[in-house]
Every structure is written in structure tokens, then in C-alpha cells.
Amino acid sequence: MTSTTADRATSASVFVVPDYDTLCDLVTNRIAALVHDKPNAVLGLATGSTPLGVYDRLARRHAGDGLDFSQVTCFNLDEYYPMDANSPHSYHHFMQENLFSRINCPRWFVPDGQPRGEAEIAHACRDYEARIAASGGIDLQLLGIGRSGHIGFNEPGSPPDSRTRLVTLHAMTRQDAADSFGGLGNVPRQAVSMGIGTILDAREIVMMASGAAKASIVQSAWTEDVADHVPASWVRLHPNARLCLDTDAASLLPHENR
Ligand code: GLP
């Protein structure tokens, strides 16, 4: 495997807040401000437990303050493969349950995990990229970070110019998903994910991490060389990116990196 590296330069800024609730307030405020200022904003969204508090707050802003998503378009980062969109394990289902059943956003897309041939998968991936481009490109991409350093399902080794494609999941990623699938054997080995290049094309990136379990990978991503063995490190080179952390996730980050 060839490895791409850059240097340690970082354009992105780091925000550290006391706890998960404050972290979610911070990120929600940014997304709500964007949707308010640009009613037809294009959002890139993430799954995992980290953004759940943001989705709940956005839904409550919609219900309480009338935050309007009627002209917004959303693209999710990834989906397991193979995966039926209607399965309770699908990211499609996750987004429906946690956000889209609760807001008025008519256009939302999740990569398609239905099993099919290689050529058809490649075609669907190109379509996903084309749909993002046709929407005008992503205004704000929300990211979590996996313990392997992944963003979306771009595992170590994903190059910075990668686009939406079929990927193989890291053993740690499958292990982390085992409980929710009722055992490691049930966790798919592959996924369809936007690429690092797709993510870096977004006009703004907000990466969230919460809890002590993320402290070590946050430290690697933000203090070691920018390199494809820690995919999240590429976010540092984006001209308009923020890393938003609670104190537990930031606990191993030297003060000069904050
Ligand atoms: C999954 C998703 C990622 C997410 C990661 C972290 O692997 N594909 O987009 O960032 O989980 O999940 P959590 O927020 O639950 O730690």
C-alpha cells in the first residue's frame, strides 16, 4: 500500500467545550445558522452516536422555532454493504428514525447498500457523486471520527483524493459495531462511503468527538503527520474546518494544538 503524507500544518481550528451537551449546542447552532442564512443549504451528515444530540436539537428547533428544512438537501456519508435500506441496522433507517421523520426535509440521500455486481456498485457511486455536484456541492459536512481514525467509512489507507466507493471495514470498526448488530459475525465487512476527496470538497467541515475513548485517535489525527493511515488528519488541511471536542475527547491534545 502506498502512503500519502503531507506535513503537520493545520488550517483547521479546535474548539473544546466542557461536556457533550455543550458540544451538541455548539454544532447545532452552527448548522441552524447556516440553514437560516441559506435556506437551500446542502448538508453532509454522519451517523454514529456522536451526532445524535445534534439531530435531536435540530428536530426540536424545527418543532419549537420553526427551523425550516423544506429547501435543504442532505447527503449522508456512508452505508453498510450489503444492507437493505429497510433493515433496522441500516444507516438509512438510523437517519429516518433520528432526524428525517422529525423535520421537514424532503430531499435526503444515503448511499445505497443493496447487494449487486461490482459494475453496478461503481455506477451507483458515480451517481451519488454526480447528485452531490448537481445539488451545488456540500455547504457543511458534519463528521464523527472512528477509533480507527476513519471519517465516514474511510479507513486507514484511504487516499485524500478518494471518491464514493465500496470499502472494507477495519477490524476495530467492526468490533465497535458488534453490539448493535448482536455479535461481530453479523457486522458487514464492507460499506459504501463518500471518499476523503468528496468530504474535503465540502465548503465547511465540522468534526465532532466526545468522550475519553476518542482522546487517543483525536491526538493522533491532530498532532501527527497528516497521512492516509489516519484519514481524519486530512481534515486539518481544509481551509474552513473546525474540530469540536468535549474535554474528555480533548484530554490528550497538547495545549499548543488547541
Ligand atoms: C461509524 C460511522 C462514522 C462515525 C463513527 C463513529 O463508523 N460510519 O461516520 O463517525 O461510526 O461513531 P460514534 O459517533 O458512535 O463513535
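Counting begins at 1 with the first residue of the sequence. In each ligand, atom 1 is the first atom listed, and ligand 1 is the first ligand listed. The structure displayed is predicted, hence computed values, not measured ones.
- To the nearest 0.5 angstrom, Arg242 atom CZ is 5.0 Å from Glu204 atom CD.
- Numbered from 1 in the order shown, with element, the atoms of ligand 1 that lie under 4.0 Å from a heavy atom of Gly48 read 12 (O), 13 (P), 14 (O), 15 (O).
- Nearest to atom 4 (C) of ligand 1 among the protein's heavy atoms is Thr47 O, 3.9 Å.
- Counting the atoms of ligand 1 from 1 in the order shown, those under 4.0 Å from a heavy atom of His150 are 1 (C), 3 (C), 5 (C), 7 (O), 11 (O).
- Near Thr50, meaning under 4.0 Å from one of its heavy atoms, ligand 1 places the atoms 13 (P), 14 (O), 16 (O).
- The atoms of ligand 1 that sit less than 4.0 Å from any heavy atom of Gly144 are 10 (O).
- To the nearest 0.5 Å, atoms CG (Leu34) and CG (Leu43) are separated by 6.0 Å.
- Hydrophobic cluster membership for Leu166: Tyr81, Ile121, Val192 (Ile, Leu, Val, Met, Phe, Trp, Tyr linked by side-chain heavy atoms under 4.5 Å, directly or transitively).
- What sits closest to atom 9 (O) of ligand 1 on the protein, heavy atoms only, is Gly152 O, 3.7 Å.
- When the heavy atoms of Asp78, Leu169, Ile151 are ranked by distance to atom 8 (N) of ligand 1, first place goes to Asp78.
- Ligand 1 places these atoms under 4.0 Å from at least one heavy atom of Tyr91: 1 (C), 2 (C), 7 (O), 8 (N).
- The structure places CZ of Arg57 at 11.0 Å from CG of Leu52, a figure rounded to the nearest 0.5 Å.
- No donor-acceptor distance shorter than 3.5 angstrom exists from the side chain of Asp65 to the backbone of Leu67, with no hydrogens or angles considered.
- The closest approach between any non-hydrogen atom of Arg147 and ligand 1 is not below 4.0 Å.
- Of all atoms in ligand 1, numbered sequentially from 1 with element shown, those under 4.0 Å from a heavy atom of Ile145 are 6 (C), 10 (O).
- In terms of protein heavy-atom proximity, atom 16 (O) of ligand 1 is closest to Lys214 NZ, 2.5 Å.
- The aromatic rings of Phe181 and Tyr80 lie perpendicular to each other, with more than 60° between the two planes, well past the 30° mark.
- Judged by the shortest distance from any of its heavy atoms, Met208 lies outside the 4.0 Å radius around the atoms of ligand 1.
- Although no hydrogens or angles enter the test, the distance criterion places a donor-acceptor pair under 3.5 Å between the side chain of Asp78 and the main chain of Phe153.
- Aromatic ring centres of Tyr128 and Phe75: separated by under 6.0 Å.
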